[in-house]
Structure formats: structure tokens, C-alpha cells
Protein chains: 2
Amino acid sequence: MRLTDSDLLRDLDKPEFAAVRAAFVPRHFPKGRQVYAPREARNSLFIVAQGRARVYLSYKDKEFTMAILDVGDVYTTHTRASVEALDDLTILVAELAAVRRFLADMPALTSSMVKVLGDLLSHAFSVIDGLAFLDVRKRLIQLLLYEAERVSADAEHILCFSHGLNIEQLATIVGSSRQTVSSLLNVLERDGIIEMRARGVICLPDLARLEALANE
Amino acid sequence: MRLTDSDLLRDLDKPEFAAVRAAFVPRHFPKGRQVYAPREARNSLFIVAQGRARVYLSYKDKEFTMAILDVGDVYTTHTRASVEALDDLTILVAELAAVRRFLADMPALTSSMVKVLGDLLSHAFSVIDGLAFLDVRKRLIQLLLYEAERVSADAEHILCFSHGLNIEQLATIVGSSRQTVSSLLNVLERDGIIEMRARGVICLPDLARLEALANE
DNA sequence: GCGTGTCTGTCAGATTGCCGACAAACACGC
DNA sequence: GCGTGTTTGTCGGCAATCTGACAGACACGC
């Protein structure tokens, strides 16, 4: 779910961007608080400075999680998505209109913006791809593989990651129900493909086999 | 499915944009020909000058149509989507890198680019929204309403549109199968909510009732 | 006007995945 | 260690939708 950790955050701290940096205001949200409501009029751009945020669509009492933003991730509102704080959250917010004023002067900023939008778009296409062509089981496996990729840098002997989400939240990511995801995970565990060490922690003792399942 | 008919095409013909205009090369494709293959390396931006193009994802022998581009629509590749000519097609193509070089000099161009990406993104969100929350019937009804909106300007007494697609193609738009869409359409017709005048032509004698169905 | 190829309507069977219900496992404060 | 609220596992019934099959309708060239 990681989106676009461009160098925007780092760039902003360079002296030549001081003027732009001033357009970004830090805002804090306690865990669970709504950051943006569905059809918020304002278009803004923010960078996650601390904590995680969940970007999601909702309809009646259902929710679909589009992305989980981590530190360094950049996001633009002006879509019909809501955002909520998954942990205590700090973001740097700028009005899009304000940022736009600087675009002419700072080509680097333009590239960043275009990159952010491009990454969001590319991610959205992946999501559509999954929903249109894959069943819940495959979408879940893809999610596991995706998470695995992010920790693989640690090169642990046995690959584990702590996503810190409950089954219900996982279900909103793959667009399914708690019950379905629960039983799929348990089948995978019985087959020795995953291991659920604790709530919110999954290990992948046999990555190769998981990858095979994704392609079958 | 109409995307982003920004003023890019018109803007480009202004004398001050002559330099940028030169970066766009016209290309022709006969009906049915592939315009971009799935994972084409090059990132480019094009404007439809004549005909229609279909943007779609594919997986094994299934396809999902993301959008149908009309004259004036702008599209950027660099996603995993393919594009094919739905009619005989003429597009103005520019390499993204080439366009990017002009961005600094021409803020208006930047706005256009950001708008294009933003529109694509917003459309992608709508698609996800439909796939995640609505059943085939509702997605189909939304599609009908969407098409209705585009011709409503004609203010005909009874609203008709000729989409020029067969049932199978409609099915790829709503992410369903030919059989399902066929029977759903026939149920709607029996209920007097739509009228299929000829292949590829649908009339909506009772728009209000259709809208009611969409919200139920 | 006839024949061929495509498009459409419809049915039956199988599958997927949802939902409600309920019990067991867990987390955490006291 | 106990009690309460949350999370998880599992079952059964049900609705949506897919697939394959086939017949009838249509379109168009000759």
C-alpha cells in the first residue's frame, strides 16, 4: 500500500525551497480521528511526517481501503476518498492552490507533483486489476506478497512482518468480508504457507510456495 | 467513460505554444488495431484527434475496459493498461519526457498535465468504487446514467444514445459477463426502464425511474 | 433471397463469497 | 485471577454471478 515516498519531504528542507516549505503546515490527529471527510471541498496535498493514515472509500456501512500511508508518503485529496489516522498522526498540509503558485518557479516541485499523481494512478490501476480479475484468495495472497517485499530488506532467515491490522481491516483492503479472509488465512496456515505468530503478525516460511500460488 | 476533455487541444493551437505543439506527432491506427501494448516501456501522452480508443486491462482471456476515449480526450500511458482503436483513430502523441521539458516555461501546460492526471485518477476511483461496493446490476445502471448525461444536452423528448458497442463490450466495462449483462438489460427493458431500439442503441424513456433504481 | 458468420437471449449447474450466529480465544484493567 | 469487551474461527443458508451450451435473430455479401 505504500505510496510514492518521493523525495519531497527531503527536498522541502533544502534552503532554496524555504518559500514552498512555508506553505506546509503541520497538523496532528489522534489515532482513529478522521483527517479528511469523503467529499471535502478543499484540495490539498499532504506529507505524512509521523504515524500511518488509511485512505479509504466508503459506501453505506462498507469500507474499502485504498492505501495505507506511511511516513514520507505523499497524498493529494480531491478524490472521493476519506482519510483517517491509523496511529497518532502528524502530517504537513498545503493547499493545492498554494503549492500551485510555486510550480512555475520550481520545476522540481512540478516533477514531484506529477510523480505523486502518477504513483497514485498506477496504484489505483493495480487495485482495479485485482478487483476485476482476481478472487479474494488471490487478492489476499498478493497483499501478503506485497507486504513481504517491504520487509525483505531485513533479509531475515524467516520472513515476518507485523502489519498491525486486525482481520476486519485486512478484509477492507482486499475488498472482502472478515469471515472470508479469516478462513482463507487459516487454510493458508494449515497448508504451512503462512504462520500467524500473534495478532497483527504474519510470517512467511515458504515464500516460494506463496509466489507459486499467486501465479497458478 | 469520457476523460478529461481539457482545453489542451485548443491550447496547443495557440501561437505561443507552437514549440510544444511541435512535440506532438499525429499517428493513425485502423479500427481494431492495438495502440499501446500492456507493459509498453515508453511513457507518452496523447490526445485523440479523431475516432475512439478503448483503454483496458487484460488478464488471461478476460478484459476490463477502463475508459473509452473520444475526440479531445487526453491520456497518459505509463500504467499497465493497453489501448486499442475502437474506430479508425488519429491521435497526437508526445513523449512525456519531451513535454516535461516545456513544463518550466509554460505553467499552463503544467496545469493541463496535472488536470489530466487528476481526472484519470478521479475516474479510477469511480471505477474502484463501483467494483468494490456495487453489484453488476447497479454498475450497469450507472453506466446507462452516465451515457444519458452525455447526450442530455440534445434535450430530446425521449433520451436515446448510440453507444455502438455490443453486449460483450458493455460487459467488459461493468466487469461482468456477456450473459449476465444481456439478461439484466432484458429485465430492464421488460420493466419499461430502457428500450433497445437497435443493436448499439439504447433509449431511456423513464430517466427518473432509472435514477431511482440507482439509489435504491 | 440464401448462406454464413456474428450477436443475442436463455437455461441449468457449479462456484464464490456474503451474512448472521455463536463459541472460543485473547487483551487488559483492576 | 476475574470479568468484560474485542477479536477470531467456523458453520450453514442464501444470493450473485460465472460458465458452457444451444437456439434464434440479425447483418451482409453474393
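Fair warning: this is a prediction, and the values are worked out from it, not measured in the lab. First the proteins, then the strands, lettered A, B, ... as listed; each starts at 1.
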In whole angstrom, give the distance that lies between atom NZ of B:K60 and atom P of D:dC18.
17 Å

Using a strict 4.0 Å threshold on nitrogen-to-oxygen distance, state whether A:K115 and A:D119 make a salt bridge.
yes

So, do B:I173 and B:Y146 sit near enough that their side-chain heavy atoms are less than 4.5 Å apart?
no

May I have the distance from B:I194 (atom CD1) to C:dT8 (atom P), rounded to whole angstrom?
13 Å

Tell me, please, which residues at least two apart from B:E95 pass salt bridge (Lys or Arg N to Asp or Glu O under 4.0 Å).
B:R42

Name the nucleic acid region contacted by B:K138, choosing base, sugar-phosphate or nothing; use a 4.0 angstrom heavy-atom cut-off, strictly under.
nothing

Indicate for each nucleotide in nucleotides 5-17 of chain D, in 5' to 3' sequence, whether protein heavy atoms under 4.0 Å reach the base (B), only the sugar-phosphate (S), or nothing (-).
--BBBB------S

In chain order, what residues pass the salt bridge (Lys or Arg N to Asp or Glu O under 4.0 Å) check against B:E189, with sequence neighbours excluded?
none

Separation of atom NE2 in B:H163 from atom P in C:dC7, rounded to whole Å:
14 Å

By ring pair (Phe, Tyr, Trp, His ring centres under 6.0 Å), B:F29 pairs with (sequence neighbours left out) none

Rounded to whole angstrom units, what separation is found between the CG atom of A:D61 and the P atom of C:dC18?
14 Å

Classify the angle between the aromatic ring planes of A:F133 and B:Y59 as parallel (below 30°), tilted (30 to 60°) or perpendicular (above 60°).
parallel

Write out all pairs satisfying side-chain hydrogen bond (donor to acceptor under 3.5 Å, both in side chains) with one or both partners inside residues 190-201 of chain B, taking only residues at least two apart or from two chains.
B:E195-B:R197

Axis bend over the full length of the helix from C:dG1-D:dC30 to C:dC30-D:dG1, computed from five pairs that close each end, to 10 degrees
40°

Ion pair A:K31/A:D87, N-O distance below 4.0 Å:
no

